[in-house]
Amino acid sequence: MSGNEKLYLRQNIQVEPLIDSWYAWSHLIPPATASRNITERHLKIMDSYIGAPQVHANAVKNPKMAGGPFIDHGGKKVDEIRALRDHIKMERKHLIEFSQAIGDLDSMLRDSAKGHSLQPLYAKVPDILRGYVELVYDLNNHPSFRLIEPLLYRSKYYDRSQQSLMLSVISQDDRPFVLSTPRLECDSSLHLKLAFDDKVIDELFRLKSIARPWFEIKEMLRIPGSKENLMRSFLTSEPPPPYAAYNGSGVRWRYFGHACILIESQGISMLFDPVLSYTYETGISRYTYTDLPDQIDYVLITHNHQDHVLFETLLQIRHKVKNIVVPRCGGGHLQDPSLKLLLQNCGFKNVIEISELEEIHDGNTRITGLPFLGEHADLDIMSKMAWLVRIEQHALLFAADSCNIETRLYEYLHDYVGDVHAVFLGMECDGAPLSWLYGPLVTQRMERAMDESRRLSGCNYDQALNIVSLFNCKEAYVYAMGQEPWLNHIMSIKYTDQSRPIVESNRLVEACRQRGIIAERLFGEKEILLELPGVSDFGKIESALSAITS
Ligand SMILES: [Fe+2]
Ligand SMILES: [Fe+2]
């Protein structure tokens, strides 16, 4: 083996971003929100596993328990999980105290803030929170607090040494559900202690398309001698297939699975909610990392759920991303951390934050942020946006999990933006209850019926058809259903033909087709080319001109 041989990173190397061995999703990065997940999710799950590992092993096998708080390590990793728990308890003491202080602050406000001035209560704020919170009432005298989030990222509560990457080979879709199962070390994995904003991460992923000599690679990644053979096995001298950009005169969109769609038109590329599969032999055809252009002009995030803002994919494409567009957050709520701060602290440049009805103009392309209702268990969360993309006369609406709980909104939006050629809409109308995602942030016991009634649900048949009709859509695509098996590690969805989201979306597709609207529930991969009326007219003029001159 020559040290000068130029090598690429193989396309089937899985790279998991980790925080203290837990899969890094977007609630594990903002310090306050992360602290609550450590105490109320991770430590509780690990304690439970240590006490009854077999219960976890059995629950994981039961499809009805999918996505539940169970560790998927076959009940055989008690020592490793105990060591991890003890490490976190020892090393993250300050974050554990921070989380407890949030609980104490909430209960102090419930007991003491009765509508009178909050000023005297600052003295009662737990010491470690003082200076990081402002106490506030809503107009109904309900007390709450807002976090000064930018300051927290500059404090000891944001600790980059918790962050790392785990490299291993992936050859099939099935992966443990990552919200409940920490990643353990093993001989076939390479654990790189790299913080997410480290520029070496971009160099690592550039290796997928640009080869470098082995001696440079091992030096760059500081590979220990004992892991050199393993790292070498993750590399190949075989170049990836070249990417063929779309150079046609219209618009090409490609569905990569779930809510991930790439649009290319007139030299501009846009990638929505990047969640990508690695490249390996499989029975389900799909686009993967090798189907991305060298530069992505705009990455657009619809909302802060783990299946729409996926660090594993985002870090791998960061070096290609010119701009990343996110919805503006409400400001300082535990449940609504700033996506802008989060991405900036993870090394993203050019993060553009957009409010409702704000626009980006680039050449003939206009991107407008449209309000996104619901799907967040009625919590005050602003970090959610449907994206309307207009290229020439074409309008495409990426509504993700927006739920049409108030049809009047869409009437007003139609008045404002006009007809939409194609809509992309999620129909996960049986969403998880509040506690599934936000439970760790709630500091007061919640009645079960209350929790069950407040769900992360998208549109049902009536709500979806209403949107398609109001915007006079010519095409309607149901997407973001979590059906692709390469999403198993972040989704917990196992549908049957009787599942409501399947029944309701089948009805929508049928109803649309009866009305002459092209409709489909997307799965796996799809490519559509749209002619631009203006451009094809131009094309006709051009060919008429050439006919005259010849
Ligand atoms: Fe969602
Ligand atoms: Fe979703």
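Note: hydrogens, waters and symmetry copies are ignored here, and every other heavy atom, side chains too, is used. One-based numbering, in listed order, for ligands and for the atoms of each. Worth saying up front: this structure is predicted, and the values here are computed from it rather than measured.
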N, O or S atoms of the protein lying under 2.8 Å from the Fe ion (ligand 2): Asp307 OD2, His308 NE2, Asp401 OD2

From Phe398, Phe424, Phe523, residue fulfilling ring pair (Phe, Tyr, Trp, His ring centres under 6.0 Å) relative to Tyr477: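 The residue from Phe398, Phe424, Phe523 that satisfies ring pair (Phe, Tyr, Trp, His ring centres under 6.0 Å) with Tyr477 turns out to be Phe424.
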
Parallel, tilted or perpendicular, as decided by the 30° and 60° cut-offs, for the rings of His489 and Tyr23: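 Tyr23 and His489: perpendicular rings.
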
Gln172 atom CD: more than 12 heavy-atom contacts under 6.0 Å: yes

Cation over ring face, Lys322 and Tyr298, 6.0 Å, 45°: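 Judged by the rule (NZ or CZ under 6.0 Å from the ring centre, within 45° of its axis), Lys322 is not positioned above Tyr298.
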
Tyr461 six-ring centre to Arg507 NZ/CZ under 6.0 Å and within 45° of normal: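 Ring-cation test returns yes.
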
With Glu134 via salt bridge (charged side-chain N to carboxylate O under 4.0 Å, His left out) - residues at least two apart: Arg146

